[in-house]
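Below is one structure; the comments refer to it alone.
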Amino acid sequence: MLAAEVISNKRDGRALSGNEIRAFVAGLTAPEGEARWSDAQVAALAMAVLLRGMDRAETVALTQAMTDSGERLRWAGFGRPVLDKHSTGGLGDKTSLLLAPIVAACGGLVPMISGRGLGHTGGTLDKLESLPGYGVDPSPERLHTVLRTAGCAIVGASARLAPADRRLYAIRDVTATVESLPLITASILSKKLAAGLDALVLDVKLGSGAFMRDAAAAQALATSLVDTARGAGLAAAALVTDMNQVLGRSAGNALEVAECLALLRGEPGDARLVEVTLGLAARLLVLGGLQADEPAALAAARQALASGAAAERFAAMVAGLGGPGDVLKDARLASAPVIAEVPAPRDGVVAAIDARALGYAIVELGGGRRRGGDVVDPRVGLDAMVALGETRRAGEPLARVHAADKAGAARAVAAVQAAVTLADSAPPPPPWLHQRIDGDIA
């Protein structure tokens, strides 16, 4: 099938057939000199899809073809439902570090395929790599061993999973076609389907620190993800959750790990972070058939955290993947040499937080990547972060900056002050949950 014919059909607004979509995906991964599509042809079709869209059948077909472009993981013999969570990304989003061991403690098998930081958002793999020795790319044998002992393993994606997406995303990234809803959907779900899941919960972030700042866009993405997952035979649900402030009280790799370890040890923590994590975990337990309804699932997840069962699973996972042998007692996290408080410039109530600006301030500190080859400094970031609705008097701290040097700390202090709006009064903070979109296998 000629690439030009497939491109022209979508350019003219026609729905692509399953054969056309499979020919495109085969062209993404074909060896040089065979039926391989050129970068220009791939970019042309991506732009046509961005402008013309895809219907549900096309999106399902694209997702399945991309899934089939590589290997599928199999989990026979574990005797547990295989469950996972995906987040669209936000500032301080550390829920994976808590959710994976909670769900494992409740009877799920959680082979969580995670990613690195993108733009202003942090990445789960970067956070875990702040633990000395933690390996995000284990051998299949080691991965299976960890899953049998801990019930969860948070690792990176193998190049063998959905290789078509790897090439397509790289081209989209440099051709202004990242924002296509069907292409985003297929990119996310092809890797999750290849991971051999029984159920998936999707955390679609909405707000100043999210990629989706518009409620309609967040709903559209959540609906597309759930409908496509269902069409591909995967039980799924989506929660649209708030990202108009830091999730928890820290943002930065080692600082976020430390915050999660404190919660796992039973120390007091940020209630909003706990509720988001438990809400996602509860929905996943119901989807996976481990609990009959949401109240029972929420109670089970809360008990797994409070009892220390989740902490035991997390510690076993970290030790099994090469990290500290007793991470709950000594995580061996590096600390920044410069710590500076951010003074409030005036009295007032925290009325708004530009979470995206805070994320870029952390990137500027070295806690994220400006370009692909950058090395992340796990020590830097923010903690003791103020929340919406809280009051501060002039000079009281809005946050603490952790930096590699005094100059970087000074720039970050100014950035935090600019990102936090203090007013004489403020509306109530938004709820953590904006919307839920449920669905089982269609």
Side-chain angles (χ1 to χ4, degrees), residues 83-106 108 110 112 121-122 124 127 200-210 212 215 218 222 237-251 256-288 290-291 293-311 313-314 350 353 355 383-390 427-438:
L83 311 176
D84 198 2
K85 181 224 50 154
H86 176 82
S87 170
T88 58
L91 184 65
D93 182 6
K94 54 192 75 71
T95 55
S96 291
L97 306 185
L98 299 169
L99 181 143
I102 287 172
V103 172
C106 292
V110 191
M112 184 175 285
T121 68
T124 300
K127 302 181 207 301
L200 173 69
V201 67
L202 296 141
D203 183 7
V204 178
K205 297 296 187 186
L206 168 64
S208 68
M212 296 290 181
L239 304 184
V240 180
T241 65
D242 187 72
M243 187 40 70
N244 282 298
Q245 56 184 317
V246 174
L247 185 55
R249 297 294 178 150
S250 65
E256 292 184 48
V257 172
E259 183 174 13
C260 289
L261 287 171
L263 284 169
L264 288 167
R265 289 191 297 260
E267 299 172 20
D270 184 71
R272 184 165 158 269
L273 170 60
V274 172
E275 291 308 308
V276 172
T277 302
L278 295 180
L280 290 164
R283 192 69 199 102
L284 189 54
L285 293 174
V286 174
L287 278 175
L290 290 170
Q291 294 292 332
D293 55 39
E294 208 86 4
L298 193 59
R302 197 177 297 278
Q303 176 62 18
L305 181 60
S307 68
R313 300 284 181 166
F314 186 83
V350 180
I353 297 174
D383 73 349
M385 186 69 207
V386 74
L388 291 172
E390 294 182 342
W432 70 265
L433 178 63
H434 289 284
Q435 189 176 12
R436 54 184 296 161
I437 297 171
D438 293 309

- Task: For Ala105, enumerate each residue passing the side-chain contact (heavy atoms from CB on, under 4.5 Å) test, keeping only those at least two apart in sequence or located in another chain.
- Result: Ala304, Ala309, Arg313

- Item | Heavy-atom pair of closest approach, residues Ala310 and Pro101 | O-CB, 3.2 Å

- Note on the structure: Scanning both residues in full, the closest heavy-atom pair of Leu263 with Gly269 reads CD2-CA, 3.6 Å

- Note on the structure: All heavy atoms of Leu298 vs all of Ala282, minimum pair found to be N-CB, 3.7 Å

- Just by distance, do the side chain of Glu275 and the backbone of Arg272 share a donor-acceptor pair under 3.5 Å? no

- Which atom pair, heavy atoms only, marks the closest approach of Arg436 to Asp438? NE-OD2, 3.2 Å

- Message: Distance alone, cut at 3.5 Å: any donor-acceptor contact between the side chains of Asp203 and His86?
- Response: no

- Side chain proximity check, Leu261 to Leu97, heavy atoms < 4.5 angstrom: no

- Item | Stepwise side-chain contact (heavy atoms from CB on, under 4.5 Å) check, Leu247 with Thr241 | CA-CA 10 Å; Leu247 185 55; Thr241 65; over 6 Å; no

- Note on the structure: CG (Leu99) and SG (Cys260) are apart, to the nearest 0.5 Å, by 11.0 Å

- Item | Partner of Lys85 by side-chain contact (heavy atoms from CB on, under 4.5 Å), out of Val110, Thr95, Leu239, Leu200 | Thr95

- Who pairs with Met212 by side-chain contact (heavy atoms from CB on, under 4.5 Å), at least two apart in sequence or on another chain? Ala217, Ala218, Leu221

- What distance separates Trp432 CH2 from Asp242 CG, expressed to the nearest 0.5 Å? 11.0 Å

- Message: Please report the interatomic distance NZ(Lys127) to CD(Glu256), rounded to the nearest 0.5 Å.
- Response: 3.5 Å

- Interatomic distance, CD@Gln303 vs SG@Cys106, rounded to 0.5 Å, equals 9.0 Å

- Message: The test is side-chain contact (heavy atoms from CB on, under 4.5 Å); show your working for Asp93 and Thr124 and say whether it passes.
- Response: CA-CA 8 Å; Asp93 182 6; Thr124 300; over 6 Å; no

- Non-neighbouring partners of Leu388 that pass side-chain contact (heavy atoms from CB on, under 4.5 Å), sequence neighbours left out: Asn244, Gln245, Val350, Ile353, Pro429, Pro430

- Give the minimum heavy-atom separation between Ala301 and Ala281, together with the two atoms involved. CB-CB, 4.2 Å

- Task: Output the distance between atom CG (Leu273) and atom CG (Leu98), rounded to the nearest 0.5 Å.
- Result: 5.5 Å

- Nearest heavy-atom approach of Gly279 to Glu294 is O-OE2, 4.3 Å

- Message: Regarding Ser250 and Glu259, do their side chains bring together a donor and an acceptor under 3.5 Å, going by distance alone?
- Response: yes

- Message: Looking only at the side chains, is there a donor atom on one of Ser87 and Lys205 sitting less than 3.5 Å from an acceptor on the other?
- Response: no

- Task: Give, for atom CG of Leu83 and atom CG of Leu285, the distance between the pair rounded to the nearest 0.5 Å.
- Result: 7.0 Å

